[in-house]
Peer 1: 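What follows is a single structure, and I will ask about it in a moment.
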4 protein chains.
Amino acid sequence: MCPRSAEQVEQLKDERRSALLRAARVVFSRKGFAAAKIADVAAGAGISHGLVYHYFPDKEALFAATVSLAVEGWQSLLSQVLEEPGTPLDRLTSLCGKMIAGLGDEPEYLLLIIQAHTGEGVPESLRALLQQHRRKVFEDLTTLIVEGQRAGLIVREIPDALARALLALIQGMAINRLIDAGETPPPLVVVTRLLKV
Amino acid sequence: MCPRSAEQVEQLKDERRSALLRAARVVFSRKGFAAAKIADVAAGAGISHGLVYHYFPDKEALFAATVSLAVEGWQSLLSQVLEEPGTPLDRLTSLCGKMIAGLGDEPEYLLLIIQAHTGEGVPESLRALLQQHRRKVFEDLTTLIVEGQRAGLIVREIPDALARALLALIQGMAINRLIDAGETPPPLVVVTRLLKV
Amino acid sequence: MCPRSAEQVEQLKDERRSALLRAARVVFSRKGFAAAKIADVAAGAGISHGLVYHYFPDKEALFAATVSLAVEGWQSLLSQVLEEPGTPLDRLTSLCGKMIAGLGDEPEYLLLIIQAHTGEGVPESLRALLQQHRRKVFEDLTTLIVEGQRAGLIVREIPDALARALLALIQGMAINRLIDAGETPPPLVVVTRLLKV
Amino acid sequence: MCPRSAEQVEQLKDERRSALLRAARVVFSRKGFAAAKIADVAAGAGISHGLVYHYFPDKEALFAATVSLAVEGWQSLLSQVLEEPGTPLDRLTSLCGKMIAGLGDEPEYLLLIIQAHTGEGVPESLRALLQQHRRKVFEDLTTLIVEGQRAGLIVREIPDALARALLALIQGMAINRLIDAGETPPPLVVVTRLLKV
DNA sequence: TATGAATGAGCATTCATTCAT
DNA sequence: CATGAATGAATGCTCATTCAT
């Protein structure tokens, strides 16, 4: 009845929703959409499987929300880096550093996106979101690379090819992180060798 | 009954086994172990789903055989390249070229290995095989890299880190190939920038 | 705490109980016991689904109460008509008229009784109540019919058969009312043709 | 391999399909769509629940097929009677007789149609089929009644009202048959009293 | 051998019921 | 008392696996 309680209830709901999404990120990224069990996600979030359906209408919606969150995380990371000071190469280096650091905390982001791309039963709307996201990332990367090339800081290869290689490298690192959690990723200086003149 | 017939039968069996494994490679790599349906694989090989069980005892065995084949392909590619003439950098370049070319024909190999690593229901023996494979690949790569560094052809970063980065790049390219079949992979010269001094 | 409040509370409870039973009548008669959702009934009564359990111990009890009410309505209609003045045929005609009129307001009574008869999960006690009710209705009807026959007002067919036919006709009309709400039931004069000499 | 075997297999499939539809008719008519369990139908047909899905894609399709069959049975009965010789009253009497006799063997037909009309989760196409069926039955009955009235054999009430009453009576009898299997339905002569002058 | 009918374990989803607030 | 979050049993449906033909 009192506002405090209502707020707390609301907050609890949000927390649980977040916990669900966190658990979903782990489960979906490791197993893919089809193999992931709602019961696993629920267990990961510490709730009963039935309760999942109070927060998301079905497995597909939970997956879509999880992937959307990952995409948003990427987008915000990207736009944040784009506004940093320094040369284009500095910014690309910062981006790679942040992505690599992110792999430590949340190695699932990239995996999720991969699963969503390749998996079955992924709704078309989600696939469209991902395509759009992919295009945006490439555009931003390519823009930075071209700027860096003009400044003479980045090697004069086809910018698109460089962007593709950079992303492939980061994604590959995410996968290796998942395959072997103990392994340390290659240091940043190795990654940026792809770009430097 | 007559030997000829028996041979033909034997040959037919082998052909079918191969067809099955080919279909399985495609289906498993795209959907993962759990989401792949035996019926899909059978349809891909042009036989009834019941007949699959004349060639493999169960789904797990079919998956294990498929992954083993992929691993063997890698191993043979690797050992073949190691015996090539030329500098260590030449050989590494050749390896990368072959792997990239392979992505065009059979982009599934790497994906399969990833699936096998992360999936559920993968038998321990298969996981062990993969670990061993992984270790061998790293060893060989590292050896080549060290040789190249001694020859002053390869940059003096931690060899293990370079090997890791190279593999991550190739794997990432395989994934992007799967996500967007139309996309052309980055050219070899971009890939080898990771290594060159 | 004060008596006034207690009374009001009591009254509120009664009103809510009635609202629940009214909503339950509609929902149960249209969907049957199994398909009816407690949440639907609660929504129909304008309360939360949890509150239903303050008024009825479980779904079965709510159903039983709903059916009992329908039975009581029938019984009271019947006993009221039996005490009316006029010939037995007059009273039967009056009964049919009231029943037909009732279909307009509350077409669910008969349906409910049918649902209770055929449904699963209906407690034995309820089924017994219905059997007894059925027997009583037949007895009363048959008595009236026999009287009417003695008075030469009702056709000399087996009284039990006439009673059965009359009830079947009324029930069938209730069903058609439910199937097609726009349809007008056959006029009373057609119904009583079953009986008249 | 031999044609005999193939035929037998085909025949077995048809038989099982029929057995399924027979079981479905019983289960659906007694419980309605929502409360009927696929497992019950399967058990009634003597097969496992999984096999049901080799014959019908889902519960809804099984229900639709069951109802369609019932509708077809009605339609064929009706058209058969319409071509019989004799006066319109003779034909109506024959129709009622056949319907009453049918209640003995397959009391579910009418109930099914009722369930399909009132139930939840019934696809719109099925509902349309039923509406159309209903309209056709009314038309045919009304035509017969009008003819009979012209011949002076049937009472001069509103033909539509007579048709409605006749159908309601038959439906009510079907329900009572279901409620109390032991009970004998009213004799034909009582039913036709509705019509005769 | 080859087929596909048959079985049943497993998972997504729903909903009656409970209970903390 | 009133709410709706939480639980878990039940049910539709899928699919790996078996086996009669």
Side-chain angles (χ1 to χ4, degrees), chain A residues 1-2 4-6 8-10 12-13 16 34-42 46-60 62 121, chain B residues 9 12-13 16 33-42 46-62 121, chain C residues 5 9 12-13 16 33-42 46-62 121, chain D residues 1-2 4-6 8-10 12-13 16 34-42 46-62 121:
Chain A
M1 293 256 178
C2 58
R4 189 72 68 91
S5 170
Q8 285 177 341
V9 164
E10 208 53 39
L12 188 64
K13 272 193 77 166
R16 249 207 251 282
K37 286 177 255 175
I38 284 285
D40 291 342
V41 177
I47 61 176
S48 74
H49 67 271
L51 193 52
V52 173
Y53 295 87
H54 280 252
Y55 294 90
F56 298 93
D58 54 20
K59 192 183 174 183
E60 211 171 278
L62 176 58
Chain B
V9 163
L12 185 66
K13 275 192 75 165
R16 261 218 253 274
F33 178 74
K37 288 179 252 178
I38 285 284
D40 291 342
V41 177
I47 61 176
S48 74
H49 66 268
L51 195 51
V52 173
Y53 292 86
H54 282 255
Y55 295 89
F56 297 94
D58 56 20
K59 192 183 176 184
E60 214 169 273
L62 175 58
Chain C
S5 167
V9 163
L12 185 66
K13 275 191 76 165
R16 261 217 252 273
F33 178 73
K37 287 179 252 176
I38 285 284
D40 291 342
V41 176
I47 61 176
S48 73
H49 66 268
L51 195 51
V52 173
Y53 292 87
H54 282 256
Y55 295 90
F56 298 93
D58 55 21
K59 192 182 175 184
E60 214 170 276
L62 176 58
Chain D
M1 293 250 178
C2 57
R4 188 73 68 91
S5 169
Q8 285 177 340
V9 164
E10 208 53 38
L12 188 64
K13 273 192 78 166
R16 248 207 251 282
K37 286 177 255 176
I38 285 285
D40 291 341
V41 177
I47 61 177
S48 74
H49 67 270
L51 193 52
V52 173
Y53 295 88
H54 281 251
Y55 294 91
F56 298 93
D58 55 18
K59 191 182 173 183
E60 211 171 278
L62 176 57

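Numbered from 1 within each chain, the chains take letters A, B, ... in sequence-line order.
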Peer 1: For the pair made of CZ in B:Arg16 and P in E:dT1, what is the distance, rounded to whole Å?
Peer 2: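 That distance rounds to 10 Å.
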Peer 1: Just the rounded figure in Å: distance from C1' of F:dG12 to NZ of D:Lys37.
Peer 2: 12 Å
Peer 1: Which base sits across from F:dT21 as a Watson-Crick or G-U pair, both distances under 3.5 Å?
Peer 2: E:dA2
Peer 1: Calculate the interatomic distance between D:Leu51 atom CG and F:dG12 atom C1'; express it in whole Å.
Peer 2: 15 Å
Peer 1: Counting distance alone, no hydrogens or angles: does the base of E:dA9 have a donor or acceptor under 3.5 Å from a partner atom on the side chain of D:His49?
Peer 2: yes
Peer 1: How many whole angstroms separate atom NE2 of D:His54 from atom P of E:dA5?
Peer 2: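 My rounded result for the distance is 7 Å.
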Peer 1: Give A:Tyr55 one of three labels, base, sugar-phosphate or nothing, depending on what nucleic acid heavy atoms sit under 4.0 Å from its own.
Peer 2: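 Sugar-phosphate: the residue A:Tyr55, judged by heavy atoms under 4.0 Å, touches backbone atoms but no base.
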Peer 1: Between F:dC13 atom P and D:Phe56 atom CZ, what is the distance in whole Å?
Peer 2: 13 Å
Peer 1: Quick one: closest heavy-atom pair of C:Tyr53 and C:Ile38, and the distance?
Peer 2: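 Taking every non-hydrogen atom into account, OH-CG1, 3.8 Å.
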Peer 1: Rounded to whole Å, how long is the line connecting atom NZ of D:Lys59 with atom C1' of F:dC13?
Peer 2: 12 Å
Peer 1: For a side-chain contact (heavy atoms from CB on, under 4.5 Å) check, start with the C-alpha distance between B:Val41 and B:Val52, then their side-chain angles and the critical distance, and finish with the verdict.
Peer 2: CA-CA 9 Å; B:Val41 177; B:Val52 173; 5.6 Å; no
Peer 1: To the nearest 0.5 Å, what is the distance between CZ on C:Phe33 and CD on C:Glu60?
Peer 2: 5.0 Å
Peer 1: Test your reading of the model: is there a side-chain donor-acceptor pair from B:Lys13 to the backbone of B:Tyr55, 3.5 Å cut-off?
Peer 2: no
Peer 1: Determine the contact category for A:Ile38: base if any of its heavy atoms lies under 4.0 Å from a base atom, sugar-phosphate if only primed atoms, P, OP1 or OP2 are that close, otherwise nothing.
Peer 2: sugar-phosphate
Peer 1: Describe the nucleic acid contact of C:Ala36 in one word from base, sugar-phosphate, nothing, applying a heavy-atom distance below 4.0 Å.
Peer 2: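 Sugar-phosphate, no base atom in range.
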Peer 1: For F:dA10, what is the paired nucleotide under Watson-Crick or G-U wobble rules, both distances under 3.5 Å?
Peer 2: E:dT13
Peer 1: Give, for atom NE2 of B:His54 and atom OG of B:Ser48, the distance between the pair rounded to the nearest 0.5 Å.
Peer 2: 8.0 Å
Peer 1: Closer to the 5' end of DNA chain E via nearest nucleotide, is it A:Asp58 or C:Gly50?
Peer 2: A:Asp58
Peer 1: To the nearest Å, how far apart are B:Tyr53 OH and E:dG4 P?
Peer 2: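 Rounded to the whole Å, the gap is 16 Å.
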Peer 1: Using heavy atoms to find the nearest nucleotide of DNA chain E for C:Pro57 and B:Ile47 separately, return the residue whose nucleotide is more 5′.
Peer 2: B:Ile47
Peer 1: Go nucleotide by nucleotide along DNA chain F from the 5' end; which of B:Ala39 and C:Ser48 gets its closest nucleotide reached first?
Peer 2: C:Ser48
